[in-house]
Amino acid sequence: MDKLLIAGGARLSGEIAISGAKNAALPILCSALLTREPVTYTNVPRLNDIGTLLRLLEQMGVKVSREDDTVTLDASGVDNPVASYEMVKTMRASILVLGPLVARFGEARVSLPGGCAIGARPVDQHIKGLQAMGATVTVEHGYVHAKVPRLKGARIFTDMVTVTGTENLMMAACLADGETVIENAAREPEVVDLANCLVAMGAQISGAGGDVIRIRGVQALHGATHRVMPDRIETGTYLCAAAVTGGEVRLTGTSASYLDAVIDKLMDAGCEVIAERDAIRLKAPARLTAVSLRTSPYPAFPTDMQAQFMALNAVADGTAVIRETIFENRFMHAVELQRLGADIKIDGNTAFVKGVERLQGATVMATDLRASASLIIAGLVAEGETTVERIYHLDRGYERLEEKLGALGARVTRLR
Ligand code: UD1
């Protein structure tokens, strides 16, 4: 299994380009299932999760052509509206095929994702929404089986803010008979990017980006071309990496407008952050100040940046209190950071991080995607060498990570 070897101590400086957003590309690629016409997507990141989704779509009969960051999908010949356990267990986001399949084919069988390292993560809200639209949904042999001649517009109120739940139901509603209103909708920029893509395909959607989304169903959607938005979590991760090393970087092909909560915290920590039109510049002080935070749905601080800020606080001046309110088991990086010398105490969903002067390199194990990113960030400032094991998690969500860090002057090597 691949590992990353990091020689700590280099100050990051220079410029790199940010890739397309994984969490926007996943639902957007699934939306191709809604039409018989080919759809072309650009700025699609080359990541293992995207490869997994494209294989899943191919199994269903979607024709996939891919060149660099451009992907064209043709779902005219779909003959198998099934997402198997083998696929879904490796990537929960596979559940995003459920809404489009039921909407276009009147039937779908999608494996239940089950648990994952960061918590139970049920899909009851996706199911509840489809039932409200008239589908008969049963769970048999570990599979969600949804059936309906044609979905009907409905008023749907989700019990909690769910990102993929909102996306699944928004896609399903595009071909439903009549108007669907999703209340308590997720406001994440990735939901807006998906809505923009669907509108380009002929969907009638208003309100995306707010907590009430209205979708007027149409008979059919058509082909389109869509550019995937920049990855705000990749952007935030590199900003944190530069910040802990006292560095100065410019990230291009991205926008500060998706990152208000994160940039606010980086400025509180003492960084200078300048938003340009399609780029962000960051200049860090010699030592950061600790920053407390609480994760919440967008536009508040994202749970996907919590682990990286724990690494940042591990070497900052002062004590930070970090509250995780989205997932119940998302502090697994804390014990690994402690192996590097971090002073962290966990009490339920709260972590108390007391900054230390120095971390020391050690061998640590990545447990999930963003936990892996926090260990890399810590390794960049630790004394000596840090080996991060199980980096297949990183390959799911960070495109050419060692290359990008290397371009900023980090000493990172992949060991195969
Ligand atoms: C998405 C992101 C993920 C991010 C998360 C929260 C993608 C592909 N993934 O995941 O990176 O960490 O949003 O910002 O976009 N819940 C239920 N029932 C449901 C749905 C959700 O109880 O039917 C709960 C979850 O267990 C969790 C919370 O709601 O506690 C939010 O989850 P959700 O927003 O659905 O996360 P994902 O969409 O899976």
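As the structure lists them, so they are numbered: ligands from 1, and atoms in each ligand from 1.
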**Study point:** Ligand-side contact atoms (ligand 1) for residue partner D304, heavy atom cut-off under 4.0 Å
**Key:** 3 (C), 4 (C), 11 (O), 12 (O)

Study note, to complete from the structure: So the atoms of ligand 1 within less than 4.0 Å of a heavy atom of Q125 turn out to be 18 (N), 19 (C), 23 (O)

Exercise for review: Please state which part of D124 comes within less than 4.0 Å of ligand 1, counting heavy atoms only: side chain, backbone, both or neither.
Suggested key: both

Practice item. Would you check the N or O atoms of G165, main chain and side chain alike, for any that come under 3.5 Å of an N or O of ligand 1? Key: no

Check your understanding: Among the heavy atoms of H126, does any lie under 4.0 Å from an atom of ligand 1?
Key -> yes

Point to revise | Nitrogen or oxygen atoms of E188 and ligand 1 under 3.5 Å apart | key: no

Review point. Taking 4.0 angstrom as the limit, do D343 and K345 come out as a salt bridge?
Key: yes

Practice item. State whether the shortest distance between N or O atoms of M160 and N or O atoms of ligand 1 falls below 3.5 angstrom. Key: no

Review point. Would one find an N or O of T303, backbone or side chain, under 3.5 Å from an N or O of ligand 1?
Key: no

Point to revise | T40 and T225 side chains, donor-acceptor separation under 3.5 Å | key: no

Exercise for review: Would you please say whether a donor-acceptor pair under 3.5 Å links the side chains of H333 and D368?
Suggested key: no

Review point. Is it true that the side chains of T235 and T254 contain a donor and an acceptor less than 3.5 Å apart?
Key: yes

Point to revise | Contact atoms of ligand 1, heavy-atom distance to V161 under 4.0 Å | key: 31 (C), 34 (O)

**Study point:** Ion pair E58/K63, N-O distance below 4.0 Å
**Key:** no

Review point. Ligand 1 versus R330, non-hydrogen atoms closer than 4.0 Å: side chain, backbone, both, neither?
Key: side chain

**Study point:** Validation row: E234, K22 side chains within 4.5 angstrom (heavy atoms)
**Key:** no

Exercise for review: Show which atoms of ligand 1 fall inside a sub-4.0 Å distance from at least one heavy-atom site of V123.
Suggested key: 19 (C), 23 (O)

Check your understanding: With no hydrogens and no angle check, do the side chains of E324 and T295 hold a donor and an acceptor under 3.5 Å apart?
Key -> yes

Check your understanding: Just by modelled atom types, is the L5 backbone N or O under 3.5 Å from a matching donor or acceptor in the T387 side chain?
Key -> no

**Study point:** Lys/Arg-Asp/Glu bridge criterion (N-O < 4.0 Å) met for E15, R250
**Key:** yes

**Study point:** Residue part near ligand 1, for T164, under 4.0 Å between non-hydrogen atoms
**Key:** both

Check your understanding: Between R109 and Y143, is NZ or CZ placed under 6.0 angstrom from the six-membered ring centre and within 45° of the ring axis?
Key -> yes

Check your understanding: Is it the side chain, the backbone, both or neither of F327 that has a heavy atom closer than 4.0 Å to ligand 1?
Key -> side chain

Practice item. Examine the proximity of ligand 1 to I326 and report which part, side chain or backbone, both or neither, has a heavy atom under 4.0 Å away. Key: both

Check your understanding: Is R92 touching ligand 1 with its side chain, its backbone, both, or neither, if touching means heavy atoms under 4.0 Å apart?
Key -> side chain

